[in-house]
**Q** 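Have a look at this one before I ask anything.
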2 protein chains.
Amino acid sequence: MKNIPIASVERVAKYIRCLKHLQSKGEEIVSSKKLAEHTQVTPEQVRKDLSYFGKFGKTGTGYNIKKVVKRLSNILKGRKNWNVCIIGAGALGTALSRYQGFRDAGYNIVALFDKDPEKIGKKIGSAEVYDIKKFSDITKKKDIKLAIIAVPAESIEEVEEYIAKSQIKGVLNFVPVTLNFNTKRKIAIIEVDLAQKLYILSYLTKK
Amino acid sequence: MKNIPIASVERVAKYIRCLKHLQSKGEEIVSSKKLAEHTQVTPEQVRKDLSYFGKFGKTGTGYNIKKVVKRLSNILKGRKNWNVCIIGAGALGTALSRYQGFRDAGYNIVALFDKDPEKIGKKIGSAEVYDIKKFSDITKKKDIKLAIIAVPAESIEEVEEYIAKSQIKGVLNFVPVTLNFNTKRKIAIIEVDLAQKLYILSYLTKK
DNA sequence: CCCGATTGTGAAATTTAATTGCAATAGTTT
DNA sequence: AAACTATTGCAATTAAATTTCACAATCGGG
């Protein structure tokens, strides 16, 4: 696997989601044409995207949904489910920790972190809120490699330090501040700026 | 304004956010070089992006932060703030309605909608939860043009119908289902698939 | 009025994405 | 079992989008 366009990777995640949906409706086989209709791309695009990752279909027939879902999610997610933590047990962090979609995709929220003594020790869904001071410790013990950040903007630098010192490999950042880790090891970052989405949306409505 | 790359529009939203941050620290002037450092792009990229929308700087000096923020957010958001509603008063919808970042950016959550009688009538933050049956009515009355969807996947088709019949112009969709409005008028859609982000993140950590 | 700093922008280069065309194959029908 | 239809996988091509480059033009300070 070398230079796969990120756009293709993103669409593949979309295909997985769509295929799971079709599966839940009892479908077993799907063609690139049908999958394309459901995901609003062209059939050629579907085949092209998949071809980056291998051969999935049977000529003349189509794709076996079950097999494809399994192989694709192995590629994106790996074989095992991931343990994930959420930093910030405020409104957003709490809501995210209850978000069923994460579990369905194979990502389990197993811990939250906060510095507010009021919140530490509480249970939210199936996860407990821990003292952020124990971040490195607990993420190690629980084998957590991915973190979701949902703290107020003013706390972000503090959080950056905790993450830098830990074993975390990937970060999903909901805080509208560009992250800047001072580490040698590479930490993957995905930024989700919700307010930015509204800016773009209102811009698009005017075009 | 003709063919502005969407990637540029997205970065411009990022610049706004960064400039506001610098402003809050008391800075008044910034160079493309400095802005680039803060947003992790190149100075050339910054200047290029801005140039799609006009001339903002002073040769030899840099950019007046206050002026640029004002002009850019006028371009993306327009002069007036927007009224926004949230469909789905569950955990996610509730958290989003309290999200301060929306207000800071000039988007006010003025209503929520749900079909659960238990929830209808409650106040969440400053907004009330209304019966989804009154969607068209209330969005019209309150001059709401943007909607955020945060319902369970199985309710999505119902929601699509309500939106199609209303005056809504743009949709921010948190439900992992590709939307499909049957309308002549164009509705702008931005999809935010949170589970997809984790797929991509775990994929990136393995590269 | 010279000098270093900095913008704005065409043009070139690069990267990414979409399209086309077709051989190969699987299942279905006659 | 031959003909027919549907469909994949790919190589090659074309097109589009994005980024980088290079430099003239200009500003402000000493």
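Numbered from 1 within each chain, the chains take letters A, B, ... in sequence-line order.
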**Q** Restricting to pairs with a member in residues 25-44 of chain B, which pass salt bridge (Lys or Arg N to Asp or Glu O under 4.0 Å), not counting sequence neighbours?
**A** Glu27(B)-Lys34(B)

**Q** My understanding is that only residues two or more places apart in sequence, or in another chain, count here; which of them pass side chain to side chain donor-acceptor pair (under 3.5 Å) with Asn64(B)?
**A** none

**Q** Please list, in 5' to 3' order, the outermost nucleotides of DNA chain D lying under 4.0 Å from any heavy atom of chain A.
**A** dA6(D) to dA12(D)

**Q** Just checking Thr42(A): base, sugar-phosphate only, or nothing, at a heavy-atom cut-off of under 4.0 Å?
**A** sugar-phosphate

**Q** Quick check on the 6.0 Å ring-centre criterion: do Tyr107(B) and Phe102(B) meet it?
**A** no

**Q** NZ of Lys58(A): more than 12 outside heavy atoms within 6.0 angstrom?
**A** no

**Q** Which residue, Lys14(A), Lys77(A), Arg17(A), forms the side-chain contact (heavy atoms from CB on, under 4.5 Å) with Tyr199(B)?
**A** Lys77(A)

**Q** Which letter, B, S or -, goes with each nucleotide of nucleotides 5-11 of chain C from 5' to 3', with contact meaning a protein heavy atom under 4.0 Å?
**A** BBBBBBB

**Q** Is Asp143(A) salt-bridged to Lys145(A), going by a charged N under 4.0 Å from an acidic O?
**A** yes

**Q** Tell me which residues in residues 9-24 of chain B put a heavy atom below 4.0 Å from DNA chain C, sorted by number, or none.
**A** none

**Q** Are the side chain of Arg11(B) and the backbone N or O of Val41(B) linked by a donor-acceptor pair below 3.5 Å?
**A** no

**Q** So, Phe56(B) versus Tyr63(B), ring centres under 6.0 angstrom or not?
**A** no

**Q** Taking side chain to side chain donor-acceptor pair (under 3.5 Å) as the definition, give me every residue that meets it alongside Lys140(B), ordered by chain and number, with sequence neighbours left out.
**A** none

**Q** How long is the line joining CD of Gln45(A) and P of dT19(C), in whole Å?
**A** 8 Å

**Q** Surrounding CZ of Arg185(B) (heavy atoms of other residues, nucleotides or ligands, distance under 6.0 Å), is the total greater than 12?
**A** yes

